[in-house]
A.B. asks: 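Here you go, one structure.
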Amino acid sequence: MAIRAPKGTKDIFPDQIHKWQYIEKKFAEICDRYGFKEVRTPIFEHTELFQRGVGDTTDIVQKEMYTFKDFGGRSITLRPEGTSPVCRAFLEHNYYADVQPSKYYYSAPCFRYEKPQAGRLRAFNQFGIETFGTDDMISDAEIIALGYDFITEMGIDEILLKINSVGCPECRPKHREALREFLKPHYDELCDTCKQRYETNPMRILDCKSEICQGIVEDAPMMVDYLCDNCKVAFEELEKNLGAFGIEYVVDPRIVRGLDYYTKTAFEFVTTKIGAQGTVCGGGRYDYLMDEIGDRHVPGVGFGMGKERILMLMEANDVKFPEPLKTEIFIAHVGDNAKLYSLNLLRRLRAAGYRAEVDALARNIKGQFKYANRLNAKYTVVIGDDEIESGILTVKDMEKSEQFEVKREDLLDLIKR
RNA sequence: GUGGGUAUCGUCAAGUGGUUAAGACACAGGGUUGUGGCUCCUGUAUACGUGGGUUCGACUCCCACUACCCACCCCA
């Protein structure tokens, strides 16, 4: 039995890779414009980082992590998300002592043990950005603006930005109690998972997909109505800042993030064009994450964006990606002397910066031309005994289908034009 | 973890109880001796997911399993 790639993983070949390289380049560019610098952290971390950072009760930690013991007996986990590792690294290397705020971006694979479906893999790729060291809503708006601009610049439309405030440790408990009070008389009508949520995290019931729960929840107390003064002011500030940036959004009181660390700002960019996994980018503020994983209070805000989902959306939008680069000059050769002469020429052309290619399948001349055509070569030069002797090379312009002669020394100049 | 769908050459795809299991694309060679894209010809493939069963006979019917896709859940 041949070995296959593990469930929920994808191989990417050259016919697709140019798309990935394109969005990666564009993301790096926009981050540069916005002042975010790249960080790279290990692909695995101590399991404890995610238990404390993402939260022990989340689905991610409870049933989706790739966790194993290494040969030294340490519990190691493949990163399921990007924020906690960046926070860990930031604290570990004392960058809070640098000029604040600190703005970082990353582009990294993440791993979650899930049942694969459209837009959801076990090994997937994310872009992310984080701003540390300020709780000013300018940063939240800036993070959202970057996401908005990137998505737009990638040629994606019909995307909706939803924002909400999930409160803070001061106001959240009050809302939670109000919610429980409200739901109590309806407890028996709730779906099974929501009965559990009632105990563990009643806020999640607000975004249950079950129609029955939706109906019950319709007039439920919303977090936005229970925000403490501090959170309330912050949310208003965020709205003003987004307005100043000219960014359209809707306030959706029901969006709740599945990671425990979020406070105040929560947002997502959603679409219905790529199947059920509509969240292309999601994020928010996490003012107490650093307290959880370190011993220092540093506020933060950021987002994660699924590269696969961005790509799916771009394809749904019929975005034209830049064409992959084609061979510039193909060297067709006939005979053993010509082969060696061609190899020598090939190396010089490549050294001079050209995308040059030869046949390595011992094809006859006709086959070599067919091959050159398949490679979409701009020029094909033919090398045989005559050419070696005279130093005059025959070059064919494959697009114009014209042929002309040129001295070997002039070959490089010719192609430059 | 729970549902639904699919499974025939490298790819797409006919075939629904008895066929040498089509065809197309792709790949390779050729159409006068060193020239592509179009066209024509030729060539190559131990292709019916795996294991059982029903039947004189199964790619075709039944069962199980596996893989992939999609949905729930959750999220990027």
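Chain letters run A, B, ... following the sequence lines, proteins first and then strands; every chain starts at 1.
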A.B. asks: B:G4 and B:G43: how far apart are their C1' atoms, nearest whole angstrom?
C.D. replies: 44 Å
A.B. asks: Does a side-chain N or O of A:K307 approach OP1 or OP2 of B:A76 to a distance below 4.0 Å, or not?
C.D. replies: no
A.B. asks: In whole Å, measure the gap between the P atoms of B:A26 and B:G17 for me.
C.D. replies: 34 Å
A.B. asks: What pairs with A:K396 under salt bridge (Lys or Arg N to Asp or Glu O under 4.0 Å), at least two apart in sequence or on another chain?
C.D. replies: none
A.B. asks: Check RNA chain B against residues 111-119 of chain A and give the residues with a non-hydrogen atom under 4.0 Å, in numerical order.
C.D. replies: A:R112, A:E114, A:K115, A:Q117, A:A118, A:G119
A.B. asks: Please list, chain by chain and in numerical order, all residues satisfying salt bridge (Lys or Arg N to Asp or Glu O under 4.0 Å) with A:E387, sequence neighbours excluded.
C.D. replies: none
A.B. asks: Take the protein atom CZ of A:R122 and the nucleotide atom P of B:C73, then report the distance between them rounded to whole Å.
C.D. replies: 18 Å
A.B. asks: In whole Å, measure the gap between the P atoms of B:G3 and B:U50 for me.
C.D. replies: 26 Å
A.B. asks: In chain order, what residues pass the salt bridge (Lys or Arg N to Asp or Glu O under 4.0 Å) check against A:R363, with sequence neighbours excluded?
C.D. replies: A:D359
A.B. asks: According to side chain to side chain contact (heavy atoms under 4.5 Å, CB included), who are the partners of A:P42, at least two apart in sequence or on a separate chain?
C.D. replies: A:E45, A:R88
A.B. asks: Could you work out the separation of B:A14 and B:U8 based on their P atoms and round it to a whole Å?
C.D. replies: 11 Å
A.B. asks: Quickly work out the A:K63 NZ to B:C73 P distance and round it to whole Å.
C.D. replies: 11 Å
A.B. asks: Which part of the nucleic acid, if any, lies within contact of A:R120, taking any heavy atom under 4.0 Å across all strands shown: a base, the sugar-phosphate backbone alone, or nothing?
C.D. replies: base
A.B. asks: For A:R79, give me all partners under salt bridge (Lys or Arg N to Asp or Glu O under 4.0 Å), at least two apart in sequence or on another chain.
C.D. replies: none
A.B. asks: Give every residue pair that meets the ring pair (Phe, Tyr, Trp, His ring centres under 6.0 Å) criterion with at least one member in residues 324-347 of chain A, sequence neighbours excluded.
C.D. replies: A:F330-A:Y371
A.B. asks: Considering only the C1' atoms, how many Å lie between B:C12 and B:C48, rounded to the nearest integer?
C.D. replies: 16 Å
A.B. asks: Classify every nucleotide of nucleotides 35-42 of chain B by which part a protein heavy atom approaches to under 4.0 Å, writing B for the base, S for the sugar-phosphate alone and - for neither, in 5'-to-3' order.
C.D. replies: BBB-----
A.B. asks: Given the rule that a pair is Watson-Crick or G-U wobble with both distances under 3.5 Å, how would you write RNA chain B in dot-bracket, using | for pairs to a different strand?
C.D. replies: ((((((((.[[[..)..(....]]].((((.........)))).....[[[[[..)....]]]]])))))))....
A.B. asks: Applying ring pair (Phe, Tyr, Trp, His ring centres under 6.0 Å), which residue pairs with at least one partner in residues 125-163 of chain A are found, sequence neighbours left out?
C.D. replies: A:F27-A:F127, A:F27-A:F150, A:F90-A:F132, A:Y104-A:F132, A:F127-A:F150
A.B. asks: Could you state the atom-to-atom distance from CG of A:D386 to P of B:G34 in whole Å?
C.D. replies: 11 Å
A.B. asks: Round to the nearest Å and state the distance from A:Y105 atom OH to B:A76 atom P.
C.D. replies: 21 Å
A.B. asks: Using the P atom on both, measure B:U60 against B:G51 and round to a whole Å.
C.D. replies: 13 Å
A.B. asks: What side-chain donor-acceptor pairs closer than 3.5 Å can you find for residues 301-309 of chain A, not counting sequence neighbours?
C.D. replies:
from	atom 1	to	atom 2	distance (Å)
A:K307	NZ	A:E24	OE2	2.9
A:K307	NZ	A:S107	OG	2.6
A:E308	OE1	A:N125	N	3.1
A:E308	OE2	A:N125	N	3.2
A:E308	OE2	A:N125	ND2	3.0
A:R309	NE	A:G119	O	2.8
A:R309	NH1	A:T279	O	2.7
A:R309	NH2	A:G119	O	3.0

A.B. asks: Are A:R350 and A:E357 close enough for a salt bridge, meaning some N to O gap below 4.0 Å?
C.D. replies: yes
A.B. asks: Applying ring pair (Phe, Tyr, Trp, His ring centres under 6.0 Å) as the test, list every pair that has at least one member in residues 252-274 of chain A; sequence neighbours left out.
C.D. replies: A:Y261-A:Y286
A.B. asks: Would A:K103 pass as a cation-pi partner of A:F36, given that its NZ or CZ must be under 6.0 Å from the six-membered ring centre and within 45 degrees of the axis?
C.D. replies: yes
